[in-house]
**Q** 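First the structure, then my questions, so here it is.
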Protein chains: 2
Amino acid sequence: MSTAAENPNLMEALVSLAKRRGFIYPSSEIYGGLNGFFDYGPLGAELKRNIRDCWWRDMVHRRDDIVGLESSIIMHPKVWEASGHVAGFTDPLVDCKVSKQRYRADQLFFAAVEVFKGITETEGARTVHRVEGSSVTEPYMAAHADVEIIGYVSALESERTKEELQEKAEALKRKKSAKGILHAVKVREFTEATPEEIPLIPSPATGEPGSLTPPRAFNMMFETNVGALKDASSVAYLRPETAQGMFVDFKNVIDTTRVKLPFGIAQIGKSFRNEITPRNFIFRSREFEQMEMEYFIHPDADWLACHEEWLKWCQDWLRSIGLPASHLSLYEHPKEKLAFYSRRTVDIMFRYPFGVQELWGIAARSDYDLQQHQKHSGVPQTWFDEATKQKVVPHVIEPAVGVDRIFLAVLCAGYAEEDVKDEKGNVEKRTVLRLSPRLAPVKVAVLPLLKNKEALTNRARALYKKLQQRYAVQYDDGGAIGKRYRRQDEAGTPWCVTIDFDTIEKPGDTFTLRDRDSMSQKRITEAELFALLEQQVY
Amino acid sequence: MSTAAENPNLMEALVSLAKRRGFIYPSSEIYGGLNGFFDYGPLGAELKRNIRDCWWRDMVHRRDDIVGLESSIIMHPKVWEASGHVAGFTDPLVDCKVSKQRYRADQLFFAAVEVFKGITETEGARTVHRVEGSSVTEPYMAAHADVEIIGYVSALESERTKEELQEKAEALKRKKSAKGILHAVKVREFTEATPEEIPLIPSPATGEPGSLTPPRAFNMMFETNVGALKDASSVAYLRPETAQGMFVDFKNVIDTTRVKLPFGIAQIGKSFRNEITPRNFIFRSREFEQMEMEYFIHPDADWLACHEEWLKWCQDWLRSIGLPASHLSLYEHPKEKLAFYSRRTVDIMFRYPFGVQELWGIAARSDYDLQQHQKHSGVPQTWFDEATKQKVVPHVIEPAVGVDRIFLAVLCAGYAEEDVKDEKGNVEKRTVLRLSPRLAPVKVAVLPLLKNKEALTNRARALYKKLQQRYAVQYDDGGAIGKRYRRQDEAGTPWCVTIDFDTIEKPGDTFTLRDRDSMSQKRITEAELFALLEQQVY
């Protein structure tokens, strides 16, 4: 079996499967695509729906303390002034004036190419550095020997940024026929480059220095204009997060429902970020879908305990939709890197093929957002505490996750290529998507053993029509039964039901139930099938 | 009982209920709102989800010939060039240069104030017109008598535009002390005003002529820029309809699924139109949600029969979610007003409190869209017909409906104020939302008869927790039972289940099931309750 860890080409295989089976298409593909935008095909649309529905059912319907919301994507521009997004939702942008390429300065790395005045010799198995005749260590040289900077090298963020920079440094030394000992490169982020260094650092696009601009703050909010005037007075933004909707509607929710602290407001919806470098397929795209929940607690409540509870809830939930614990880890944001208002942020990380990356952020945001909106709107954002007869501004715990990131995670964790034996004992490859029954786009495929035997197809159609009233199911009568199983394996369908001669000839009206993961088969009645689905799918 | 027809203040009552109970809030309300944008509160978010889910289940899961899609909101700008939206998706915009108000020219009406040279006298009960001494009819005057235009009047579209113009004409005649007989006003759209007339027509904002501009074509697509450059090369649009996603992905869908003509692609998602005059609450907003389906048929297929089938399907569906036939009607677009590529369009109309308006458009669009994309992208948009071994460009039938318009329609049709008797025989008013169980935000409310009797609350909590696994339900122990029923009536909850002393003291473990519409009560077991929900909710 080959899974993420063992398959270095997993991303390639996934992107190919996603396209081939109609999970994900590049947006506007017939027009050459649009960088950072994706469409979800028939199977993808179902998988996405199921992710949303599972989350909503568990987060809203099955809890007593959380209500839902759907706020608009375009909100009043003052919302984003109050939230700090207009001033601060920026990435450092670097332009290459020659190639017109753009880079995020924190994803662009460089190093000075330093050469020591000395020589390196090989003595038997050892490498020896000599400065003016004496044998010295590299740390000694770094502290004492004369150093000449013969140029700069640059590289984009990758798994082997450092190696790439070292290779480029060696190449530069050769090219310049520089004497001396090449120091191991010290990797620095472009954000740390001094004004004097910037003109000396080569553009990754051209390999030549002189064309990179100093980083400038680039606001990632998409801008538009509402109304017929197109000037500063009509500027509005596509929301870069759904969360502000919950804050801005906080008062409306407490005034129009019967919620009591602590309680949460949950929302699923599209958000937009004008990423400088969208990448890693649907992991970082410009249009994406969020599932966020703001949990409001009393200022005196034990926020740390609450934060821990949500951290646990989110991890449990990810496991409940089939993500293995082996792929999950936690990242505690260092205190010194937190925003001033933030008390703690822990990310649940997922081991994607391109690295361990953030899946779900759980943040303790204090009362910052409500205080900001209270200040900017002039409308009190308070809750009346019956116990103390005081008005308080609640604090917030925020678990925020992306639908598309979960989508990609379940594909990564579920994808496998296996060697299996066919009916004749020949080994063949099968591709299988081990998706949780809760998430699988198709719950059951109904397969009549033969296409042209009416007794079989009638029974199969009847079962299919009945299942269809409640579940997303498929009817497939095309090709050998083994081939049809493979087709469903690739789509992630947990069960196939085959209507065969035993069904119509033997008593009991049983079908062959074939399990995707074990490939085991057993006989099952219609009632048992519905009971299985009832138990596994919700 | 008072419903739409009998309640002239229905819209006001609905807007108030929607706000009060958390169905709909104005977007960004604490910042003064944003015209044409709305948020859906806890009950609204559930109702919206249910509308989408019902449509998806019936349109996609329960049919064999339709697959789903979720394409991006921001697509390649060439999509909108090909579709004709860049050039032609415009409304005629009129500015008032003094007030800075903007009007849609087709919603702005005017009339010349015409006075005949003659006098009008009252003879007994009759009104007699005389021109140079002779008694004449009004039609005679219109043909023969001298007419003087003493000025112009204008008014916005409303239920009584004509009356308003007539009144203004009379006022103008009085103001100018004009002699003669005032003609009945001839109402004209501002789009028909001649260049000579425009400076003479008063602005509705100021009442004075001279400030209205000639109509200009205003494109309703929201514009933004993708990437860090902000110039013509980076312009992109928020989609004004979801339909183009299905056309642009047509090839991807036929290449990656097993669909065969005829088949459909369905999508639910947000669309955006920069309306000049958003109005009628959520009926015409700037951000809205569509449910569209493109049904692809063979060019030789009987498109008219297919169009009729979809027209019937859509009407049936609207009735299945509880819209009464009495509120629905059909509007056949006149042939001469159809776009050149359109063969037929019929709208299913709904009788809203503000008039009979379009709810669901069913259009036969020929092969226009696919041909346009084939031409603009250079990628063949063809289907291989096995029967004739020919490639064909399919034709399309498109049923397109708005989630928000259905939302408003079910509120309008379901809202009622009734006089009912309380337990003591006193008449009180109840407000009830008769929503279909499929759509109701809360399916069941579980009510322990008393709050402080553990045997009751334990049984109630147990039932509630079990229901909650599958359905959106509420637990309510606050206040008298009658008051709790009223609360649920207003929210549209079809059933309340009361756990009372009979539940815990008598055999059978039965509850009181109270029906929202009939207010009748009967005893029911847990198993019967689940069977009822299973039957009514899906």
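Naming: A, B, ... by sequence-line order, numbering from 1 per chain.
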**Q** Let's test your reading of the structure: which of Glu275(B), Gln474(B), Lys465(B) forms the most heavy-atom pairs below 4.5 Å with chain A?
**A** Lys465(B)
**Q** Measuring from atom CD of Glu223(A) to atom CD of Glu223(B), what distance do you get when rounded to the nearest 0.5 angstrom?
**A** 12.0 Å
**Q** Who among Ser285(A), Gly227(A), Ala82(A) has the most heavy-atom pairs with chain B under 4.5 Å?
**A** Gly227(A)
**Q** Quick check on Asp95(A) against chain B: is it the side chain, the backbone, both or neither that has a heavy atom closer than 4.5 Å?
**A** neither
**Q** Measure Leu238(B) against the heavy atoms of chain A and call it side chain, backbone, both or neither at under 4.5 Å.
**A** side chain
**Q** Side chain, backbone, both or neither: which part of Asn225(B) has an atom under 4.5 Å from a heavy atom of chain A?
**A** backbone
**Q** Show your working on side chain to side chain contact (heavy atoms under 4.5 Å, CB included) between Ile74(B) and Arg286(A) and close with a plain yes or no.
**A** CA-CA 9 Å; Ile74(B) 296 181; Arg286(A) 284 168 164 158; over 6 Å; no
**Q** If you count heavy-atom pairs under 4.5 Å with chain A, which of Val253(B), Val259(B), Leu93(B) comes out on top?
**A** Val253(B)
**Q** Just give me the residue among Phe38(A), Tyr40(A), Trp56(A), Phe222(A) that pairs up with chain B most often, heavy atom to heavy atom, under 4.5 Å.
**A** Trp56(A)
**Q** Go through the atoms of Glu81(A) and report whether side chain, backbone, both or neither lie under 4.5 Å from a heavy atom of chain B.
**A** neither
**Q** Would you mind checking which part of Arg461(B) comes under 4.5 Å of any heavy atom in chain A, side chain (CB onward), backbone (N, CA, C, O), both or neither?
**A** side chain
**Q** In terms of heavy-atom proximity below 4.5 Å to chain A, should Arg258(B) be classed as side chain, backbone, both, or neither?
**A** side chain
**Q** I would like to know whether Tyr538(A) and Gln469(B) meet side chain to side chain contact (heavy atoms under 4.5 Å, CB included); could you show each step before the answer?
**A** CA-CA 8 Å; Tyr538(A) 284 92; Gln469(B) 288 305 302; over 6 Å; no
**Q** Is the NZ atom of Lys270(A) crowded by more than 12 outside heavy atoms at less than 6.0 Å?
**A** yes
**Q** Gly44(B), Gly33(B), Ala45(B), Gly478(B): which one forms the most heavy-atom pairs within less than 4.5 Å of chain A?
**A** Ala45(B)
**Q** Do Glu29(B) and Val248(A) make a side-chain contact, defined as non-hydrogen atoms from C-beta onward lying under 4.5 Å apart?
**A** no
**Q** What part of Glu46(A) lies closer than 4.5 angstrom to a heavy atom of chain B: side chain, backbone, both or neither?
**A** side chain
**Q** Taking the basic N atoms (NZ, or NE/NH1/NH2) and the acidic carboxylate oxygens, is any pair closer than 4.0 Å for Arg470(B) and Glu534(A)?
**A** yes
**Q** Looking at Gly32(A), Ala228(A), Pro77(A), which one has more heavy-atom pairs under 4.5 Å with chain B than the rest?
**A** Ala228(A)
**Q** Between His376(A) and Tyr31(B), is any side-chain donor less than 3.5 angstrom from a side-chain acceptor?
**A** no
**Q** Is any NZ, NE, NH1 or NH2 atom of the basic residue among Glu70(A) and Arg52(B) found under 4.0 Å from an Asp or Glu carboxylate oxygen of the other?
**A** yes
**Q** Considering only heavy atoms, which portion of Tyr475(B) lies under 4.5 Å from any heavy atom of chain A: side chain, backbone, both, or neither?
**A** neither
**Q** Relative to chain B, which segment of Arg63(A) carries a heavy atom at a distance below 4.5 Å: side chain, backbone, both, or neither?
**A** backbone
**Q** Pick from Lys19(A), Gln381(A), Lys251(A), Arg49(A): which one has the most heavy-atom pairs with chain B under 4.5 Å?
**A** Arg49(A)
**Q** Looking only at heavy atoms, what is the nearest atom pair of Ser28(A) and Val79(B), with distance?
**A** OG-CG2, 4.0 Å
**Q** Could you look at Lys48(A) and say if it's the side chain, the backbone, both or neither that has a heavy atom under 4.5 Å from chain B?
**A** side chain
**Q** Which residue is it: Lys78(A), His373(A), His76(A)? I am looking for the one with a side chain to side chain contact (heavy atoms under 4.5 Å, CB included) to Ile30(B).
**A** His373(A)
**Q** Checking side-chain hydrogen bond (donor to acceptor under 3.5 Å, both in side chains) between Tyr25(B) and each of Asp255(A), Asp249(A), Thr256(A), which is the one that passes?
**A** Thr256(A)
**Q** What part of Arg62(B) gets within 4.5 angstrom of chain A, counting heavy atoms only: side chain, backbone, both, or neither?
**A** both
**Q** Report which part of Glu287(B) has an atom under 4.5 Å of a heavy atom belonging to chain A: side chain, backbone, both, or neither.
**A** side chain
**Q** Among Asp64(B), Val473(B), Ile276(B), which has the most heavy-atom pairs under 4.5 Å with chain A?
**A** Asp64(B)
**Q** Counting heavy-atom pairs under 4.5 Å with chain A, which one of Gly245(B), Ala472(B), Ser72(B), Ser71(B) comes out on top?
**A** Ser72(B)
**Q** Does any part of the side chain of Val226(A), heavy atoms only, come nearer than 4.5 Å to the side chain of Asn35(B), both counted from C-beta?
**A** no
**Q** Could you look at Thr224(B) and say if it's the side chain, the backbone, both or neither that has a heavy atom under 4.5 Å from chain A?
**A** both
**Q** With chain A, which of Asn219(B), Leu69(B), Val67(B) has the greatest number of heavy-atom pairs at distances under 4.5 Å?
**A** Leu69(B)
**Q** Just give me the residue among Ile265(A), Leu467(A), Asp476(A) that pairs up with chain B most often, heavy atom to heavy atom, under 4.5 Å.
**A** Asp476(A)
**Q** Looking at Pro42(A) and Thr257(B), what are the two nearest heavy atoms and their distance?
**A** CG-CG2, 3.6 Å
**Q** Side chain, backbone, both or neither: which part of Phe23(B) has a heavy atom under 4.5 Å from chain A?
**A** neither
**Q** With side chain to side chain contact (heavy atoms under 4.5 Å, CB included) as the test, would you mind laying out the steps for Phe37(B) and Met75(A) before giving the verdict?
**A** CA-CA 8 Å; Phe37(B) 296 89; Met75(A) 300 169 78; over 6 Å; no
**Q** Could you check which of Asn274(A), Leu34(A), Asn252(A), Val379(A) has the highest count of heavy-atom pairs closer than 4.5 Å to chain B?
**A** Asn252(A)
**Q** Using non-hydrogen atoms only, which part of Phe218(B) is less than 4.5 Å away from chain A: side chain, backbone, both, or neither?
**A** side chain
